[in-house]
Undergrad: 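This is the structure, below, for whatever I ask next.
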Amino acid sequence: MTNSIYTAPPSVAETVLPLFGWQQPALSIEQFGSGLINSTWKITAVTGEEFILQKLNMQVFTDPGSIAANIQQIAAYLQQHAPGYLFAAPVEALNGTTLVNIEETGCFRMFPFIKGSVTKDVVATAAEAYEAALQFGKFTHLLSGFDAAQLYITIPSFHDLSLRYRQFLQALQNGNTARIAEVKEQIEQVEQRVSIVQQFEAIRSNPGCKLRVTHHDTKISNVLFDEQGKGLCVIDLDTVMPGYFISDVGDMMRTYLSPVSEEESDYSKIVIRTDIFEAIVHGYFEQMKTDLSAEEIKLFVYAGKFMIYMQAIRFLTDYINDDVYYGARYPKHNLVRAGNQLVLLQQLLQHEKALHHIVEKVCS
Ligand code: GN1
Ligand code: MG
């Protein structure tokens, strides 16, 4: 369930629905999904039709119009070049746009709920990981002829690890001093692994590493499945921007490899499932193998280090900054999340060699 400190009560939805032409109140409004940033509801109309309503977090997405414009460009490209691809386009409001901005309430948009589609919160099987990786690979692959530079940057420097590291150092200067003293050990662990930032810098200046249309939030709940478990498409396109493949592959590794999520406080449950890793490699390569350069393929395992390390830094920085970004449902929430990611990183590093062998095996 969402913890979101930004969650608005369903009555807000009732103010919004008339702006989308609804003449009768919804039959039901339920909170939906587990995102940390936006608020999401599933809404059933009196006709029985179902929709997803979302309130955008405008502290994070300061220019929602840029998201709508990106979605529109992508939808138009896919309609022309991949007409069979299922694309969950947003619904038009009465004012002709896909976003309604209600002063002092927020910015809302709506999507039709795709009938028969199923979402998952955790990766239970290798088959699910394969399907999801194939869908994220397919998304980037289908858009390989689209000029990524045309996309608006919806969150500047979103996956810029060097910037995240600088923000962490800044928090050590200006953050909550009691918390800084409390997390000394975690700070040391982050500092010890700074070579992950240096490797990112090398990637940025390597012409063999290409900027492509990248999803930037490849958790399993952003894939729609059919009732037989086949992947249908990806959703949540708010952070689709030019990026490196390590963002998408890395976030799959971060969120699929362990059977428990970043919320788990019993760190002994954090383990690396190598069969799930192999499935990610198979699924992603199914679509992307010929798009990636030999240099990029060598970075497949680094992708996981990159994303897990960045998420550990982001949670730890937020803890030091009194939880201003992610919010917290209990006092040490972001510290628990940061510690979880640091353990996950340690586990990944222990499996590094074995994971490289899997990539080589799948490639040959
Ligand atoms: C946020 O809102 P959600 O859960 O989809 C965050 C991601 C993090 C994730 C960690 C815009 O995503 O980058 O990986 O939390 N999105 C933004 O759970 O900051
Ligand atoms: Mg998201």
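Just so you know, ligand 1 is whichever comes first in the structure, and atom 1 is the first atom listed for that ligand.
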Undergrad: Tell me yes or no: between the side chains of Arg337 and Asn334, is some donor less than 3.5 Å from an acceptor?
TA: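 There is such a pair (donor and acceptor under 3.5 Å, judged by atom type) between the side chains of Arg337 and Asn334.
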
Undergrad: Give me the residue, atom name and distance of the protein heavy atom closest to atom 18 (O) of ligand 1.
TA: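 For this ligand atom, the closest protein heavy atom is Glu262 OE2, 2.5 Å.
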
Undergrad: What residue and atom, counting heavy atoms only, is the protein's closest point to atom 19 (O) of ligand 1, and at what distance?
TA: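 Closest protein heavy atom to atom 19 (O) of ligand 1: Tyr325 OH, 2.5 Å.
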
Undergrad: Quick one: look at Asp251 and ligand 1, take heavy-atom pairs under 4.0 Å, and tell me if it's side chain, backbone, both or neither.
TA: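 No part of Asp251 is near ligand 1 at this cut-off.
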
Undergrad: Check each heavy atom of Lys219 against ligand 1 and say whether those closer than 4.0 Å belong to the side chain, the backbone, both or neither.
TA: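 For Lys219, only side-chain atoms sit under 4.0 Å from ligand 1.
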
Undergrad: How far apart are the C-alpha atoms of Arg179 and Glu182, what are their side-chain angles, what is the distance that settles it, and do they pass the salt bridge (charged side-chain N to carboxylate O under 4.0 Å, His left out) test?
TA: CA-CA 5 Å; Arg179 287 190 174 191; Glu182 180 191 5; 5.2 Å; no

Undergrad: Does a salt bridge link Asp238 with Arg109, judged by any charged N lying under 4.0 Å from a carboxylate O?
TA: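 Looking at Arg109 together with Asp238, the answer is yes, because their closest N to O distance falls below 4.0 Å.
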
Undergrad: Any atoms of ligand 1 less than 4.0 Å from a non-hydrogen atom of Ile155? List them with their elements.
TA: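 By the 4.0 Å cutoff, the relevant atoms are 11 (C).
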
Undergrad: Between Asn38 (side chain only) and Asn57 (backbone N and O only), is there a donor and an acceptor less than 3.5 Å apart?
TA: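 Judged by distance alone, yes, a pair lies under 3.5 Å.
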
Undergrad: Would Leu36 count as being in polar contact with ligand 1, using the rule that some N or O on each side must be under 3.5 angstrom apart?
TA: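 Yes - when backbone and side-chain N and O of Leu36 are compared with those of ligand 1, one distance drops under 3.5 Å.
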
Undergrad: Students often mix this up, so state it plainly: with edges at 30° and 60°, are the rings of His333 and Tyr330 parallel, tilted or perpendicular?
TA: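 Parallel, since the angle between the ring planes stays under 30°.
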
Undergrad: Does this structure show an ion pair linking Lys210 with Glu296, if we count only N-O contacts that are shorter than 4.0 Å?
TA: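 Glu296 and Lys210: not salt-bridged.
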
Undergrad: By residue and atom, what protein N/O/S atoms are less than 2.8 Å from the Mg ion (ligand 2)?
TA: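 Result, waters dropped: Asp217 OD2, Asp236 OD2.
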
Undergrad: Using 30° and 60° as the class boundaries, would you call the ring planes of Phe300 and Phe245 parallel, tilted or perpendicular?
TA: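 Ring orientation, 0 to 90° scale: tilted.
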
Undergrad: Would you kindly specify which portion of Asp217 sits under 4.0 Å from ligand 1, judged on non-hydrogen atoms: side chain, backbone, both or neither?
TA: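 For Asp217, only side-chain atoms sit under 4.0 Å from ligand 1.
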
Undergrad: Quick check on Gln79: does its CD atom have over 12 non-hydrogen neighbours (other residues, nucleotides or ligands) under 6.0 Å away?
TA: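 Result for CD/Gln79: open.
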
Undergrad: Counting N and O atoms only, with roles assigned by atom type, does the side chain of Ser117 sit under 3.5 Å from a partner on the main chain of Leu224, one being a donor and the other an acceptor?
TA: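 It does not hold such a pair.
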
Undergrad: What atoms of ligand 1 come closer than 4.0 angstrom to any heavy atom of Tyr326?
TA: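 So the answer, numbered in order with elements, is 8 (C), 15 (O).
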
Undergrad: Any carboxylate oxygen within less than 4.0 angstrom of a Lys/Arg side-chain nitrogen, looking at Glu131 and Lys120?
TA: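 Looking at Glu131 and Lys120, the cut-off is not met.
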
Undergrad: Please state whether the rings of Tyr85 and Phe139 are parallel, tilted or perpendicular, taking 30° and 60° as the class boundaries.
TA: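 Geometry flag for Phe139 against Tyr85: tilted rings.
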
Undergrad: At what distance is the nearest protein heavy atom to atom 8 (C) of ligand 1, and which residue and atom is it?
TA: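 Protein heavy atom with the smallest distance to atom 8 (C) of ligand 1: Gln311 OE1, 3.4 Å.
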
Undergrad: Taking 4.0 Å as the limit for heavy-atom contacts, which would you say applies to Arg254 with ligand 1: side chain only, backbone only, both, or neither?
TA: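 The answer is the side chain of Arg254.
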
Undergrad: Where is the nearest protein heavy atom to atom 1 (C) of ligand 1: which residue, which atom, and how far?
TA: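 Sorting protein heavy atoms by distance from atom 1 (C) of ligand 1 puts Ile37 CG1, 3.7 Å first.
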
Undergrad: Tell me the salt bridge (Lys or Arg N to Asp or Glu O under 4.0 Å) pairs involving residues 274-294, sequence neighbours left out?
TA: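 Qualifying pairs, neighbours excluded: Glu278-Lys361.
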
Undergrad: So is Arg314 close enough to ligand 1, meaning a heavy atom under 4.0 angstrom away?
TA: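 Yes, Arg314 has heavy atoms under 4.0 Å from ligand 1.
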
